Enquirer: 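Just passing along the structure, written as structure tokens.
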Amino acid sequence: MSTFALDSQVEGEKTSATNEPRHGVGDREKYYGKWDEFAKKSEEELAEEEEEAKRKEKERVANIPDSEAHKRDREKREALKEAKKQWDEVQSNEKSKEITFEKDVDVKDRVINAAAMGDKRVLYIKDGMNSSYVLADDIAVTKIFIDDCKDCAFTFHCKIATSFIEIHQCENVQAHVVSQEIHTIQVDLSQNVTVLYNKGLYTPDTKVYHSSVRDMTISYDHKGTGVPADYKSQTVDDYELSRLAEKTRTVANLGKDDQFVTAYVPEVQDLVTDLVLRDASGHPTTTREIEARKRMVEEQVRSKGLDINAPEIQKYLHEYDPLTPVQLGLKYKEEGNKAFKECDYRQASVHYTQAVDTINALPLDEVKDASDTLKAALSNRAACSLKLGDPENALADAMAVLEIDPKHVKANFRRGMALHALERYREACPVLSKALELEPKNAQIKAALTFAERRAMQSR
């Protein structure tokens with residue numbers, strides 16, 4: 001046969017050979033002796049044998065119905081192609097609804113109203129300098145993005161369908177929420193940002209998320225006087241706040257950079273900033289919110305006379321506890337395995353990358369606790385890369401696993417397959433031979449080794 005089916009199983013699943021005894025690497029002379037014996041066949045004989053195998057395989061494929069596994073794989077690939085096509089159409093449609101105002105310099109009170117927006121629904125304001133903008137109450141907008149602006153002011157009278165504004169890489173800007181609630185403002189990689197809310201517009205549901213931001217002031221006019229001295233305010237610096245993250249390092253965040261949220265907390269009647277965590281479902285939360293939920297559950301349990309220590313009650317109490325980095329890495333790996341089974345190799349690769357990044361962010365002594373998950377995620381990402389026609393990255397991931405565990409069977413196999421795909425047949429042979437010595441009854445490895453040896457002979 002001229003092709004070799006990639007092992008479709010991922011780490012965490014049993015293979016037919018996992019219950020077999022594993023052996024050592026074996027004797028190099030034994031391997032090369034076997035190679036010398038194999039090399040005695042003439043190249044012409046090998047070519048004839050391969051052509052005969054191709055002919056028989058064509059006949060076999062023509063006469064034998066496609067396997068259910070291959071049929072499902074093909075159907076899934078077709079479905080993914082169709083889904084991607086539809087998504088591309090959605091993206092194209094969304095793109096057509098965007099409007100951008102950019103590179104304004106010294107423009108005062110630019111009014112963005114319904115006439116200016118036309119039929120557009122997503123607003124970008126970019127690269128403004130020393131300018132001010134008024135977003136009128138007659139516009140129908142879905143989202144607003146403010147990027148790379150400096151010394152600018154924005155006044156929001158409009159209602160936003162998603163109730164969301166993003167401010168990114170800005171300096172010395174002010175965002176003033178005047179007449180409509182905006183529940184979420186996200187500020188990233190910025191400095192000297194001021195967010196103002198008029199009376200009644202900063203509720204317990206209002207949240208300002210921020211990451212890598214210096215000197216941001218959040219204020220709201222709780223008295224309605226319009227006098228800044230009467231405002232409730234909080235100034236935050238994320239780089240200083242990161243010390244809070246150091247105290248909760250055992251709790252996993254989704255991103256590499258710490259994220260914080262500033263919200264109004266009725267219990268203290270003031271603005272409070274907390275580190276953003278991710279609960280077991282991946283949703284943003286805080287320690288304060290988790291503890292408040294637990295207190296509410298405990299009160300309900302006691303009011304009904306239930307046993308707080310009952311296993312089912314304890315499970316419910318801790319259902320949304322944040323995952324540790326080790327647990328989160330395992331969760332990402334399992335999500336990758338699920339996507340791999342569905343033949344969605346790109347999405348699987350994304351999840352495996354999340355697992356790898358989460359574990360690699362740990363201190364070295366904690367990485368050891370997640371070693372099995374790290375090896376599996378890297379090896380499985382190598383399998384994704386092979387499926388996606390990227391043998392270079394597959395080789396890199398397989399090598400990373402073998403640096404941790406030289407006897408990792410699937411990493412040796414995938415390294416050999418990557419070398420084969422790169423037409424480095426002579427290098428692939430001893431790697432696949434090692435994989436076979438570790439798992440002698442693995443039919444896939446045997447077939448791969450035989451084919452690689454033939455290719456190596458033909459390339460001499």
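Since we're looking at a predicted model, the values are computed, not measured.
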Enquirer: When rounded to the nearest 0.5 angstrom, what is the spacing between CZ in F164 and CD in Q186?
Expert: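 If we round to the nearest 0.5 Å, F164:CZ and Q186:CD are 6.0 Å apart.
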Enquirer: Would a 4.5 Å heavy-atom cut-off, applied to side chains only, mark M399 and R415 as touching?
Expert: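 M399 reaches R415 side chain to side chain.
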Enquirer: I'd like to know if the side chain of S190 reaches the main chain of D188, judged simply by a donor and an acceptor atom lying under 3.5 Å from each other, with no hydrogens or angles considered.
Expert: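 Present.
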Enquirer: Do we see a donor-acceptor contact under 3.5 Å between the side chains of T262 and T273?
Expert: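 A pair is found: one side chain offers a donor N or O, the other an acceptor, under 3.5 Å apart.
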Enquirer: Apply the test side chain to side chain contact (heavy atoms under 4.5 Å, CB included) to residues T287 and D274: give CA-CA distance (whole Å), side-chain angles for both, the deciding distance (0.1 Å), then the verdict.
Expert: CA-CA 8 Å; T287 299; D274 289 306; over 6 Å; no
Enquirer: To the nearest 0.5 angstrom, please state how far the CG atom of N192 sits from the NZ atom of K150.
Expert: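 The CG atom of N192 sits 10.5 Å away from the NZ atom of K150.
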Enquirer: Checking side chain to side chain contact (heavy atoms under 4.5 Å, CB included) for the pair V276/Y209: CA distance, chi angles, key distance, verdict?
Expert: CA-CA 9 Å; V276 174; Y209 291 93; 3.9 Å; yes
Enquirer: Return the minimal non-hydrogen interatomic distance between I146 and C170, and the atom names on each side.
Expert: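 Minimum heavy-atom separation between I146 and C170: O-SG, 3.7 Å.
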Enquirer: Do I185 and V195 touch side chain to side chain, with heavy atoms closer than 4.5 Å?
Expert: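 The answer is yes, as the side chains (C-beta and beyond) meet within the 4.5 Å cut-off.
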Enquirer: So R414 and S379, do their side chains get closer than 4.5 Å, heavy atoms only?
Expert: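 Yes. Closest side-chain heavy atoms under 4.5 Å.
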Enquirer: Show the numbers, then the answer: is there a salt bridge (charged side-chain N to carboxylate O under 4.0 Å, His left out) between D321 and K294?
Expert: CA-CA 10 Å; D321 283 2; K294 286 182 178 179; 3.2 Å; yes
Enquirer: Could you tell me whether the side chain of T206 and the main chain of T203 form a donor-acceptor pair under 3.5 Å?
Expert: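 Answer holds: yes.
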Enquirer: Between D390 and S385, is there a donor-acceptor pair closer than 3.5 Å when you use the side chain of the first and the backbone of the second?
Expert: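 Between the backbone of S385 and the side chain of D390 there is no qualifying donor-acceptor contact (under 3.5 Å).
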Enquirer: Less than 4.5 Å apart, side chain to side chain, heavy atoms only: is that true for L395 and L419?
Expert: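 Yes. Closest side-chain heavy atoms under 4.5 Å.
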Enquirer: Taking V122's backbone N and O only, do any of them form a donor-acceptor pair with T142's side chain (distance below 3.5 Å, no angle check)?
Expert: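 Absent.
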Enquirer: A side-chain contact here means heavy atoms from C-beta on lying under 4.5 Å apart; do V326 and T373 qualify?
Expert: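 Not touching, per the 4.5 Å side-chain cut-off.
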Enquirer: For the pair S433 (side chain) and C429 (backbone), establish whether a donor and an acceptor sit closer than 3.5 Å, ignoring hydrogens and angles.
Expert: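 Judged by distance alone, no pair lies under 3.5 Å.
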Enquirer: Which residue, D357, D397, N337, forms the side-chain hydrogen bond (donor to acceptor under 3.5 Å, both in side chains) with Y352?
Expert: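 Looking at D357, D397, N337, the match for Y352 under the side-chain hydrogen bond (donor to acceptor under 3.5 Å, both in side chains) is N337.
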Enquirer: Is the cationic atom of R293 (NZ for Lys, CZ for Arg) positioned less than 6.0 Å from the six-membered ring centroid of Y316 and within 45 degrees of its normal?
Expert: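 Yes, a cation-pi geometry.
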Enquirer: Check the pair K207, E289 against salt bridge (charged side-chain N to carboxylate O under 4.0 Å, His left out), reporting the backbone distance first and the verdict last.
Expert: CA-CA 13 Å; K207 299 182 186 299; E289 291 173 342; 3.3 Å; yes
Enquirer: Are H420 and F451 close enough that their ring centers fall under 6.0 Å?
Expert: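 Ring-ring flag for H420/F451: true, centres closer than 6.0 Å.
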Enquirer: Are the side chains of D147 and Q169 in contact, using a 4.5 Å heavy-atom criterion?
Expert: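 Not touching, per the 4.5 Å side-chain cut-off.
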Enquirer: To the nearest 0.5 Å, how far apart are CD1 in I308 and CD in Q300?
Expert: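 Those atoms lie 10.5 Å apart.
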Enquirer: Look up atom CE in M296 and atom CG in L317, then write down how far apart they are to the nearest 0.5 Å.
Expert: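 Rounded to the nearest 0.5 Å, the CE-CG separation comes to 10.0 Å.
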Enquirer: Between P325 and T358, what is the shortest heavy-atom contact and its length?
Expert: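 Looks like O-CG2, 3.5 Å.
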Enquirer: Could you go step by step and tell me if L189 and V213 meet the side chain to side chain contact (heavy atoms under 4.5 Å, CB included) rule?
Expert: CA-CA 5 Å; L189 298 167; V213 176; over 6 Å; no
Enquirer: Do side-chain atoms of T285 reach the backbone of L277 as a donor and acceptor pair under 3.5 angstrom?
Expert: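 The answer is no, because no donor-acceptor pair under 3.5 Å joins these two groups.
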Enquirer: Can a donor-acceptor pair be found, under 3.5 Å and without considering hydrogens, that links the side chain of S349 to the backbone of Y345?
Expert: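 Judged by distance alone, no pair lies under 3.5 Å.
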Enquirer: Please check: side-chain N/O of Q234 versus main-chain N/O of L271, any donor-acceptor pairing under 3.5 Å?
Expert: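 A pair under 3.5 Å: yes.
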Enquirer: Is there a donor-acceptor contact under 3.5 Å from the side chain of T100 to the main chain of E102?
Expert: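 Absent.
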Enquirer: Going by heavy atoms in the side chains, are F154 and I165 under 4.5 Å from each other?
Expert: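 They are not in contact (no side-chain heavy atoms under 4.5 Å apart), so the answer is no.
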Enquirer: Give the minimum heavy-atom separation between G416 and V431, together with the two atoms involved.
Expert: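 Heavy atoms only, the tightest pair is N-CG1, 3.6 Å.
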Enquirer: What closest approach, in Å, do A411 and A398 show between heavy atoms, and which atom pair accounts for it?
Expert: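 What the structure gives for the nearest pair is O-CB, 3.5 Å.
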Enquirer: D119 side chain to K97 main-chain N or O, any donor-acceptor pair under 3.5 Å?
Expert: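 Here the side-chain-to-backbone pair does not exist.
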Enquirer: List the atom of H183, the atom of S163, and the distance in Å for their closest heavy-atom pair.
Expert: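 Closest approach of H183 to S163, heavy atoms only: N-OG, 2.6 Å.
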Enquirer: Could you tell me whether D148 and K103 make a salt bridge, using a distance below 4.0 angstrom between a side-chain N and a carboxylate O?
Expert: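 Salt bridge absent between D148 and K103.
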Enquirer: Is it the case that the ring center of F101 lies less than 6.0 angstrom away from the ring center of Y124?
Expert: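 No, they do not, as the ring centres are separated by 6.0 Å or more.
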Enquirer: Sort out for me which residue in Q327, E334, E335 forms a side-chain hydrogen bond (donor to acceptor under 3.5 Å, both in side chains) with K331.
Expert: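 Per the side-chain hydrogen bond (donor to acceptor under 3.5 Å, both in side chains) rule, the option paired with K331 is E335, out of Q327, E334, E335.
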Enquirer: How many angstroms lie between NZ in K407 and NZ in K434, if you round to the nearest 0.5 Å?
Expert: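 Rounded to the nearest 0.5 Å, the NZ-NZ separation comes to 8.0 Å.
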Enquirer: Once you round to the nearest 0.5 Å, how far does OG1 of T450 lie from CZ of R455?
Expert: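 Rounded to the nearest 0.5 Å, the OG1-CZ separation comes to 13.5 Å.
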Enquirer: How about N442 and E439: does a side-chain donor come under 3.5 Å of a side-chain acceptor?
Expert: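 Their side chains do contain a donor-acceptor pair, which is all the 3.5 Å distance test asks for.
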Enquirer: Checking D238 against F260 for the side chain to side chain contact (heavy atoms under 4.5 Å, CB included) test, could you report, in this order, the C-alpha distance in whole Å, the side-chain angles of both residues, the deciding distance, and whether it holds?
Expert: CA-CA 7 Å; D238 291 345; F260 301 91; 3.6 Å; yes
Enquirer: Any non-hydrogen side-chain atom of I182 less than 4.5 Å from a side-chain atom of I144?
Expert: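 I182 vs I144: side chains apart.
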Enquirer: How close do A348 and C384 get, counting heavy atoms only, and between which atoms?
Expert: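 Nearest pair, atom of A348 first, then C384: CB-SG, 3.7 Å.
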